[in-house]
Amino acid sequence: MEAVNLISSSKYSEKQIVSLSYGLQKLKADTSQGYLAVTLLMHENSDFLRLVVNSIRKDLDGNTEVDNCLALHAIANVGGSEMAEALAEDVHRLLISPTSQTFVKKKAALTLLRLYRKHADVIPAAEWALRIVSIMDDPDLGVVICVTSLVMALAQDNLDAYAMCYTKAVDRLHRLVIEHEYSATYAYYKVPSPWLQVKLLRLLQYYPPSEDPTIRSVLHQVLQTIMNNSAEPTRNVQHNNAQHAVLFEAIGLAIHLDSASPLVGTAAVLLARFISSKETNVRYLGLDTMAHLAARAESLEPIKRHQNTIILSLRDKDISVRRRALDLLYSMCDVDNSEIIVGELLRYLKIADYALREEMVLKIAILTEKYASSYKWYVDTILQLISAAGDHVGDEVWYRVVQIVTNTEDLQEYAAKVVFEHLKAPSTHESLVKVGGYILGEYGHLVANEPGYSPVEQFQVLHTKSQFCVASTRSLLLSTYIKWVNVYPEIKPQLLNIFERYRHVLDAELQQRACEFYALASRPDDDELLQNICEEMPPFPPRVSALLGRLNMKHGDTEDKRVWIHGGKEANLDRDAMKRKPDGDAPAAASDDIIGSLAGLDLSVNLKEITDAVDPTSSNQAPRLTIGLNVSQWFDKLTYTTEGVLYEDDQVQIGLKSRYQGHLGQLAIYIGNKISAPLTSFTTAIHINDPDALSITFAKMPPSIIAPRTQTQQLLHVECRRIFLTPPILTVSYLAGSHQAISIQLPVVITKFFEDVKLGPSDFFERWKLIGGPPREDQTIFSITLNDTGHPSMAKYRQVVSGHQLSLLDGVDTNPNNLVAAGVLHMSVEGKVGCLLRLEPNKEAKLCRLTVRSTSETVATEVRKSVERLLKTVL
C-alpha cells in the first residue's frame, strides 16, 4: 500500500529507485518503492492496481517526460484489461501529441503495441488508423521504427483501415534506399536503418500488390537497389548480416508482388548461392526464402535445379537448417519429382531428429496422397512410412489410409496382400497392426484363395501381433475376427475360443465386445443377422483430408503472422480464399476424435459461399465528403470548365487544371499551404467507385511535407474504360497541429471524355430519328430565369453545353433560340458512343425543354442530369 501511495509523489526518487545503493537506503528507511515496486510486486489482476490508475493518468498528462515514461513502463509491464481500458486513450493521446518528445512517442507506441497484443478488444484500431499511420512520416527514425511495429500489428487485423500505410511505407523506403535520407545515427555498418527496412518490407507483404504504376515503379527501383547492394558480400560480418536481413525480406516482397518478374529471377540466382553458403544463418534464410518462392511461383524449375543441394541440407549439422530444408522440399514437390522427394524423406526419416519426425510423417503422408502416381505406390509408401516412423505416426495417418482403401475398389485386393506381407515382419508397430486388422477384416477374403494368404495364415499372423497391443487395438482386432466368422467358417472354432477368453478380461470395452461377438458367432449358420451386421463397409463420403488440419495446427500463428504457408501455390491460394471468409462462418476447430470426423462431415470449402458472405462494400467504402460553403459550386463549375479552385479553407487551397483527348485525360492538382507552419505527413489518395470503368494514377508520389506558404503540384493520369456514374474522390490528409483530412469529388465526369463532332442539318436529324425515342432518349422540362433584358441567358447556355465537350451546331435548328449539339464518348474498352442534344428555351412560358438522345441509355440519362443541374444551379 505504501508503494501505491508513493506513485502520487512529485519526487522522482520516490517514484522509482534511481540506483541500487540509494534504493536500498530508501527501502530500509521508509520502504518506498514506487513504480518499480508496483511493476515487480503486482500482477495485472491485482486489486491494488485500481488504486493507481488515477496517479498513472496524472503522470501521463504531466509535462515531465520522465513521469510520462515511468507511467508508460508501468502500463506496458503490468497493465491488465481494466488498466488498458482506462488508460489506452491517454497513451494514444501522448503518442499523437505534437508536443511529446521523441522518446516519449517511442515508448507510447510500444506501450500501445503491448496493450493491443494482450487486450486487442480495448483498442479502437480502425478509429485511430489515420492518426497513427501519419506518424510514420515523423522525422525521427526511432519514432518511425516503433510506430511501424505498432502499425504492423494493427494492420494485420484491420487491413482496410490501415491501407494508407502502404504508400507511407513505399515513400519511406524510397527515401532510405534511394535518396539516403537518414542521419548517421541510424546507419548500421553503412546499412540505413536495417530494422526499419525489414519492418516496412514485411508490412507491404500484408497487402495485395498495388495497381498504381507509380508505386510499382518506385518499389521496383527500391528492390533492385537492395539486390544490387547485396550482390557481393563483404568481409565485415555485421555489415553482411544487416544487408542479408534486408535482402531476404526484399526478395520476399518481390515474390509477393510478382513471382514471374525479372527481380525474382535475379533473386533465385542469389538464393542458389545462399543455400550453399558456409554460414549457417545464411543457409537458413536462403532455404526459408526459397520455400516462399516455391509457395508462390508459377514454375518450380528454377528451384528444381538445386534439388540435390536442398536434399543434402536435410543432413545439415544445424537442426533449424534441417527443418527449413524439410519445409522447402515439401513446398517444391510436384508430380514430376514426388517419388524422388518422398523416397529421400523416407530414407532420412530413419535417422531424423525426434523433434522433426512427427512433422515429417505428416508431410510425407500429405505428399504421398497428393501426388500419388498410382494407388499401389501410395499404399506401398504409406505402409513403409508407418513401419519406419513407429510411435511418431499419428492416428490421422492410418485413418486416411483406411478411408482411401475403402473408397477405391481396385486397390482393396492389392492393399490386403501388401499389408499381410508387412505383418509377417518380426517387429511390427501397432499402427500397422491396426491398418492390417481393418483391411484384412474387410478385404482379406479377396486373397484368401491364393497360396500363402489362406484364412488360417491371416489369422495366425494377425493374432500373434495382438499379444503386444493395447486394449484399443485388441478391440479393433475383435471386430476383425467377427468379420472373419462370417466369411471363414473353417476358423470359426478358433475365433469362438478367443471370444470366450476375452469375455472374462477386466477391460470393459474388450469384455463387452467379446460377449456381444460371442453371442453373434454362436447363432445358427443360417441366421441372417450375422451376415447383415458383418456387411462390407460402405465408402466414406468425400471430404478434406484431416492431415492438412493437423499440420496447420503445428504451425500456429505468431505475433507477426506469416504472409504465406508451406505447401506450394495451390495451398496458398486456398489459404487466401479462406482468409476472405468472415470469422463467424469459419469452420470449427478439428476434433481430437478423428474417427468421428470421418463419419461423413463435409469440410469442403465452397468458394462462392465465401465470396458471397464477404461484404462487397467493406473494402471499397467511399470516404465521407468534406462539407463546405462553396465546395459544390466549385465542383459544378469545373465539370464544364478546365481550370479553377476545387477547395479552399484557412489552411490549404486546392486548384485544378485539366485536359482531355479521347479516352485519356490529365489533371494537374495544385495544393497550397496558406499557413506559416509546414504541413507534415502529407498524403493524397484517390477513391474510385468502379475501378474497372475508370482508372486514375499519380504520375509521381506526393511529397510528405509542404513548406509554409508554398505550393505542390500533383499530376494525375486518367483513363475512361467503360461508362461510369460516380466521380472519383480525392482525399488529402496532413498534420497541422492536429490531423486533418479533406475528401472532395474530382470533376471527372463522363462528359469529359466526349469529343465534339460537326454535323450538318440533314446528318443531325437523320441520326436523331435513327436513335429514336425512349429508352435511348431522356427528356425533361424545367423552369428558367430570364436576364435583365427579358431573354434567356443564351451565352451561358452555350457555355454549359460546349463545356460538356459537345459541339454546338449553329444553323441546324430552324428556331435560332434553340441549341443543338453533338458529341462522341470515347472509352478504351467499350469503344465509342454517340450523343445528340437539343435545348429549347421558351421565354413566354419561362420553361426549357432538354432532350438528349444517345446509343447508350445510361449516357443519355447522365448527360441530361448533368446539363439540367448546371442550368438550374450555375445559371
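Here the structure is a predicted model, which is why all the values come from computation and not from measurement. What you see below is based on every heavy atom in this structure, not just the backbone, and it leaves out hydrogens, waters and symmetry mates. When a residue number appears, it is its place in the shown sequence, counting from 1.
For the pair Asn158 (side chain) and Ala161 (backbone), a donor-acceptor distance under 3.5 Å is absent. Proximity of a side-chain donor or acceptor of Thr710 to a complementary backbone N or O of Ile706 within less than 3.5 Å is not detected. Between the Asn630 side chain and the Gln633 main chain, no donor and acceptor come within less than 3.5 Å of each other. Counting only distance, with no hydrogens or angles, the side chain of Asn842 and the backbone of Lys846 share no donor-acceptor pair below 3.5 Å. Glu648 contributes no side-chain N or O that, together with a main-chain N or O of Ile654, makes up a donor-acceptor pair within less than 3.5 Å. In this structure a side-chain-to-backbone donor-acceptor pair under 3.5 Å is present from Asn673 to Ala707. A donor-acceptor distance shorter than 3.5 angstrom exists from the side chain of Asn229 to the backbone of Thr225, with no hydrogens or angles considered. Under the 3.5 Å distance criterion, the side-chain polar atoms of Thr639 are left unmatched by any main-chain donor or acceptor of Pro747. Using a distance-only test at 3.5 Å, with no hydrogens or angles considered, a donor-acceptor pair links the side chain of Arg131 to the main chain of Ile96. Of the possible donor and acceptor atoms, none in the side chain of His174 sits under 3.5 Å from a partner among the backbone N and O of Met701.
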*asked:* Before you tell me yes or no, could you show the steps for Glu179 and Arg175 under salt bridge (charged side-chain N to carboxylate O under 4.0 Å, His left out), namely the whole-Å CA-CA distance, both residues' side-chain angles and the distance that decides it to 0.1 Å?
replied: CA-CA 5 Å; Glu179 298 180 355; Arg175 287 153 62 185; 5.4 Å; no
_Go through it in stages, so that I can follow the logic: the residues are Val133 and Tyr162, the test is side-chain contact (heavy atoms from CB on, under 4.5 Å), and I'd like the CA-CA distance, side-chain angles, deciding distance and then a yes or no._
CA-CA 7 Å; Val133 170; Tyr162 285 82; 3.5 Å; yes
*Quick one: do Leu746 and Leu716 satisfy side-chain contact (heavy atoms from CB on, under 4.5 Å)? Show the steps, please.*
CA-CA 11 Å; Leu746 287 175; Leu716 277 69; 4.1 Å; yes
*Would Gln779 and Val852 count as a side-chain contact (heavy atoms from CB on, under 4.5 Å) if you check the C-alpha gap in whole Å, the side-chain angles of each, and the deciding distance to 0.1 Å?*
CA-CA 6 Å; Gln779 186 179 89; Val852 180; over 6 Å; no
*Worked verdict on Glu857 versus Arg776 for salt bridge (charged side-chain N to carboxylate O under 4.0 Å, His left out)*: CA-CA 5 Å; Glu857 302 172 24; Arg776 294 192 289 182; over 6 Å; no
*asked:* Using the rule given for salt bridge (charged side-chain N to carboxylate O under 4.0 Å, His left out), can you reason through Asp258 versus Arg296, listing the C-alpha separation, both sets of side-chain angles and the distance that settles it, and then say yes or no?
replied: CA-CA 9 Å; Asp258 183 5; Arg296 294 289 188 182; over 6 Å; no
*For side-chain contact (heavy atoms from CB on, under 4.5 Å), just list the numbers for Leu200 and Met136, CA-CA rounded to whole Å, side-chain angles, deciding distance to a tenth of an Å, and then say yes or no.*
CA-CA 10 Å; Leu200 294 173; Met136 292 178 67; 3.9 Å; yes
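By the 4.5 Å heavy-atom criterion applied to side chains, Pro841 and Met794 are counted as neighbours. Side-chain contact between Phe635 and Ile744 is absent, with no heavy-atom pair separated by less than 4.5 Å. For the pair Ile784/Tyr797, a side-chain contact is recorded, criterion being any heavy-atom separation below 4.5 Å from C-beta on. Taking the side chain as every heavy atom from C-beta outward, Lys674 and Gln653 approach each other to under 4.5 Å. Proximity of Leu836 to Ile771: side-chain heavy atoms (C-beta onward) are separated by under 4.5 Å at one or more points. The shortest distance between side-chain heavy atoms of Ile671 and Thr684 falls below 4.5 Å. Within the 4.5 Å cutoff, the side chain of Val222 has heavy atoms near those of the Ile178 side chain. Within the 4.5 Å cutoff, no side-chain heavy atoms of Tyr660 are placed close to those of Leu664.
Within the model, atoms CG of Leu759 and CH2 of Trp768 stand 12.0 Å from one another, a figure rounded to the nearest 0.5 Å. With values rounded to the nearest 0.5 angstrom, Ile215 atom CD1 is found 11.0 Å from Ser217 atom OG. With rounding to the nearest 0.5 Å, the separation of SG in Cys165 from CG in Leu203 is 4.0 Å. The CG atom of Leu638 sits 12.5 Å away from atom NZ of Lys657, with the distance rounded to the nearest 0.5 Å. In this structure, Leu219 CG and Thr214 OG1 are separated by 11.5 Å, a value rounded to the nearest 0.5 Å. Annotation: the span from Lys199 atom NZ to Arg172 atom CZ amounts to 14.5 Å, rounded to 0.5 Å.
Judged by distance alone, the side chains of Ser738 and Gln740 do bring a donor and an acceptor atom under 3.5 Å apart. His826 and Lys832 form no side-chain donor-acceptor contact under 3.5 Å, judged by distance and modelled atom types alone. Counted by atom type alone, Lys168 and Ser134 present zero donor-acceptor pairs between their side chains at under 3.5 Å. Inspection of the Ser743 and Thr626 side chains reveals no N or O donor paired with an N or O acceptor under 3.5 Å. Between the side chains of Glu719 and Ser828, at least one donor-acceptor pair of N or O atoms lies under 3.5 Å. Side chains of Glu249 and Gln205: a donor on one and an acceptor on the other come within 3.5 Å. Side-chain contact, Thr697 with Asp212: no donor N or O sits under 3.5 Å from an acceptor N or O. With no hydrogens or angles considered, a side-chain donor-acceptor pair links Asp137 and Ser681 at under 3.5 Å. In the model, Tyr734 has a side-chain atom that pairs as donor or acceptor with a side-chain atom of Gln651 under 3.5 Å. A donor and an acceptor atom, one from each side chain of Ser866 and His804, are located under 3.5 Å apart.
Taking both residues in full, the closest heavy atoms of Met152 and Arg202 are given as CE-CG, 3.5 Å, listed atom of the first, atom of the second, then distance. The shortest heavy-atom contact between Arg721 and Pro691 is NH1-O, 3.3 Å. In this structure, Thr641 and Gln799 approach most closely via the heavy-atom pair CG2-NE2, 4.5 Å. Contact between Leu204 and Ala169 at its shortest, heavy atoms only, is CD2-CB, 3.7 Å. In terms of heavy-atom proximity, Lys752 sits nearest to Val748 at CG-CA, 4.5 Å. Across every non-hydrogen atom of Glu777 and Gly772, the tightest pair is CB-O, 3.9 Å.
Remark: of the listed residues Leu837, Asp756, Val801, Val820, Asp756 is the sole one forming a side-chain contact (heavy atoms from CB on, under 4.5 Å) with Ser807.
Checked for salt-bridge contact, Asp692 and Arg722 miss the test: no charged N lies under 4.0 Å from a carboxylate O.
Shown here is Asn815, whose CG atom has more than 12 heavy atoms of other residues, nucleotides or ligands within 6.0 Å.
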